[in-house]
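Below you'll find the structure, written out as structure tokens, and then a few comments.
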Amino acid sequence: MQALHLLSNHPFQWMPPSSFRRFTPPPFSTRRSSSIMAVAAAPHQLKHQKTHSMPPEKIEIFKSLENWATENVLPLLKPVDKCWQPQDFLPDPKLPMEDFTDQVRALRDRTAELPDEYFVVLVGDMITEDALPTYQTMINTLDGVRDETGASSNPWALWTRGWTAEENRHGDLLRSYLYLSGRVDMRMIGRTVQYLIGAGMDPGTENNPYLGFVYTSFQERATFVSHGNTARLAKEGGDPVLARICGTIASDEKRHENAYGRIVDKLLEVDPTGGMVSIADMMRKKIRMPAHLMYDGQDPHLFEHFSAVAQRMGVYTAEDYADILEFLIERWRLEKLKGLTGEGRRAQEYVCGLAPRIRKLQERADERAKKMEAQGVKFSWIFNKEVL
């Protein structure tokens, strides 16, 4: 936990996902007064938010890419009849009561051996997934690619609705499994989700699809990493079903990451300077996790504390943040990108040199953290039990 606090004093900060969605730097530490927090939909005052930063003429780029999106992005959605559904992993309610009860009892027996810290991270991931209305709303603020009618046949709109529909299963499945486990306080979890959807998110994408697709590329990768690590820990803790659940969700996130990565690939091809400058812009801002305004009505630093537990357990760390950046640099071949203006080359130099700087800062933070005493924090999600 201390490593996270120390790192937060540096210009390169991290936050764990959840994907989202969901979801990287900096821990949420803005103070919110009790009077403001009493209003579910009115958390803290955000900093000045820049809007509509993409030059209007660049909307034509996205219009020109509609056929490309139909052929290269939409195929990464799965037909509904070929998708898994939450019930595939849960006790079967069609069974006779005794058999259904036996399945629930077996689920509880498997989860009984998992530590409280694991449930803090899994709940945080579930809450992030459950705030899906916010993420669809955010994408629909992006100029040139939004769903103008709510049922548009434009390929950008078809992607956003299809992506949302696939992602919606993640929170449903994790919520049901957590409920049946008996290990968590579902009322406090529901309260946190309500606060979070009411609060929204501030990713710094400025209604700009260049920035928006850079953000989603990074976040989908981060959520893939996070769910993959919760799968590993569940398997090690003796719950192969939960491991399969988390691994299946991670697989979805990987496929969605591929879609957003393709879009940025294409933007770098048709507008290399615009794409490169946008990547640098988002990295200077630091990629914020979509749940960075998380609150449960009790802990004003809930996201910071959740992030610290995820870091300590190795579910999502500052090291992962640097790894994702390096992965995207290689995927988009940024070091070899040609046709850049002077501004584009400066952005290229900044982004390609950023990961080693993040790692050095993390090393210093880790060294300082070794000299500090661990702190205990109570989480309402696990009935106010204390974890480090």
Side-chain angles (χ1 to χ4, degrees), residues 20-21 46 48-77 132-165 167 200-220 256-285 287-288 290 328 331-334 337-348 351:
F20 187 66
R21 275 86 163 189
L46 296 171
H48 173 71
Q49 294 172 296
K50 186 176 180 180
T51 60
H52 303 288
S53 63
M54 183 177 72
E57 62 270 17
K58 289 201 174 184
I59 288 178
E60 296 302 318
I61 290 178
F62 292 91
K63 289 183 179 179
S64 73
L65 293 178
E66 289 179 1
N67 288 337
W68 174 87
T70 298
E71 296 174 1
N72 293 276
V73 178
L74 292 184
L76 289 172
L77 294 171
L132 188 62
T134 297
Y135 316 144
Q136 184 178 22
T137 298
M138 188 278 286
I139 293 175
N140 272 332
T141 70
L142 301 178
D143 295 329
V145 297
R146 68 173 60 92
D147 186 344
E148 297 285 356
T149 68
S152 170
S153 60
N154 179 286
W156 300 114
L158 290 174
W159 165 260
T160 298
R161 294 199 306 271
W163 170 82
T164 303
E167 289 277 335
M201 63 184 291
D202 178 26
T205 48
E206 304 173 2
N207 311 105
N208 184 330
Y210 283 77
L211 300 178
F213 290 135
V214 171
Y215 177 84
T216 50
S217 296
F218 198 107
Q219 279 302 317
E220 293 289 356
H256 297 160
E257 171 213 323
N258 192 20
Y260 288 118
R262 284 186 187 182
I263 296 172
V264 177
D265 258 329
K266 191 64 176 178
L267 291 175
L268 288 166
E269 176 187 324
V270 300
D271 183 10
T273 291
M276 190 68 248
V277 168
S278 297
I279 295 169
D281 186 1
M282 287 309 303
M283 295 314 303
R284 285 191 176 94
K285 292 172 181 172
I287 302 293
R288 300 183 182 191
L328 293 175
R331 188 225 156 100
W332 292 327
R333 302 173 296 281
L334 297 184
L337 193 62
K338 304 295 184 183
L340 299 171
T341 65
E343 182 184 18
R345 288 192 296 274
R346 289 190 293 274
Q348 181 184 42
V351 172

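All values below come from the heavy atoms of this structure, side chains included, with hydrogens, waters and symmetry mates left out. Keep in mind the model is a prediction, meaning the values are calculated, not measured.
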Check: Which heavy atom of Trp156 sits nearest a heavy atom of Gly144, and at what distance?
Finding: CD1-O, 4.1 Å
Checklist line | Glu66 versus Asn154, side-chain donor and acceptor atoms under 3.5 Å | finding: yes
Item checked: Trp163 vs Ile139, side-chain contact (heavy atoms from CB on, under 4.5 Å): CA-CA, chis, key distance, verdict -> CA-CA 11 Å; Trp163 170 82; Ile139 293 175; 3.7 Å; yes
Next item on the list: Begin with the C-alpha distance, continue with both residues' side-chain angles, and end with the deciding distance and a verdict on side-chain contact (heavy atoms from CB on, under 4.5 Å) for Asn140 and Gln136.
Entry: CA-CA 6 Å; Asn140 272 332; Gln136 184 178 22; 3.9 Å; yes
Check: Counting N and O atoms only, with roles assigned by atom type, does the side chain of Arg146 sit under 3.5 Å from a partner on the main chain of Ala157, one being a donor and the other an acceptor?
Finding: no
Check: Quick check: does any side chain N or O of Thr216 sit under 3.5 Å from a backbone N or O of Tyr260, one acting as donor and the other as acceptor?
Finding: no
Item checked: From CA spacing to verdict: side-chain contact (heavy atoms from CB on, under 4.5 Å), Asp147, Thr160 -> CA-CA 8 Å; Asp147 186 344; Thr160 298; 5.9 Å; no
Notebook entry, point to check: Closest heavy-atom contact between Val277 and Ala347?
Noted result: CA-CB, 4.0 Å
Margin query: Can you tell whether the side chains of Lys63 and Glu60 come within less than 4.0 Å, N to carboxylate O?
Written below: yes
Check: Where the side chain of Thr70 meets the backbone of Pro155, is there a donor-acceptor pair that is under 3.5 Å apart?
Finding: no
Checklist line | Closest non-hydrogen atom pair, Lys50 against Ser53 | finding: CE-CB, 3.8 Å
Margin query: I need the Leu268 CG to Ser278 OG distance, nearest 0.5 Å.
Written below: 9.0 Å
Margin query: Is it the case that the side chains of His52 and Glu206 hold a donor-acceptor pair, with the cut-off being a distance below 3.5 Å and no angle test?
Written below: no
Notebook entry, point to check: Between Ile61 and Leu267, does a side-chain contact (heavy atoms from CB on, under 4.5 Å) hold up when you go through it step by step?
Noted result: CA-CA 9 Å; Ile61 290 178; Leu267 291 175; 4.3 Å; yes
Note to self: I need the minimum non-hydrogen distance between Pro209 and Asn207, along with the two atoms involved.
What the structure shows: CD-O, 3.6 Å
Next item on the list: Look up atom CD in Glu269 and atom CG in Leu337, then write down how far apart they are to the nearest 0.5 Å.
Entry: 11.0 Å
Item checked: Whether Ser152 side chain and Glu148 backbone form a donor-acceptor pair below 3.5 Å -> no
Next item on the list: Using atom types as modelled and distance alone, determine if a side-chain donor or acceptor of Thr205 lies under 3.5 Å from a backbone N or O of Asn208.
Entry: no
Margin query: Is it the case that the side chain of Trp332 and the backbone of Gly261 share a donor-acceptor pair, with hydrogens and angles ignored and the cut-off at 3.5 Å?
Written below: yes
Notebook entry, point to check: Does Arg288 reach the main-chain N or O of Pro203 with its side chain, forming a donor-acceptor pair under 3.5 Å?
Noted result: no
Check: In Å, rounded to the nearest 0.5 Å, how long is the span from CD1 of Ile263 to CZ of Phe213?
Finding: 4.0 Å
Item checked: Name of the residue among Val73, Leu65, Asn72 meeting side chain to side chain contact (heavy atoms under 4.5 Å, CB included) with Lys266 -> Leu65
Checklist line | Flag side-chain contact, heavy atom, 4.5 Å: Lys285 against Leu211 | finding: yes
Item checked: Thr164 versus Leu132, closest heavy-atom pair with distance -> O-CD2, 3.2 Å
Next item on the list: Decide if the gap between the ring center of Tyr215 and the ring center of Tyr210 is smaller than 6.0 angstrom.
Entry: no
Check: Closest heavy-atom contact between Val264 and Val214?
Finding: CG2-N, 3.9 Å
Checklist line | Trp68/Phe62 aromatic ring centres below 6.0 Å | finding: no
Notebook entry, point to check: Counting N and O atoms only, with roles assigned by atom type, does the side chain of Glu220 sit under 3.5 Å from a partner on the main chain of Asn258, one being a donor and the other an acceptor?
Noted result: no
Item checked: Spacing of Ile59 atom CD1 and Asp143 atom CG [to the nearest 0.5 Å] -> 5.0 Å
Margin query: If the threshold is 4.0 Å, N to carboxylate O, is there a salt bridge linking Arg331 and Asp265?
Written below: yes
Notebook entry, point to check: Atom OG of Ser217 and atom CZ of Arg262: how far apart are they, to the nearest 0.5 Å?
Noted result: 12.0 Å
Next item on the list: Calculate, to the nearest 0.5 Å, the distance between atoms CZ and CE belonging to Arg345 and Met276 respectively.
Entry: 12.5 Å
Check: Heavy atoms, side chains only, cut-off 4.5 Å: are His256 and Leu76 in contact?
Finding: no
Check: Any side-chain heavy atom of Pro290 sitting closer than 4.5 Å to one from Met201?
Finding: yes
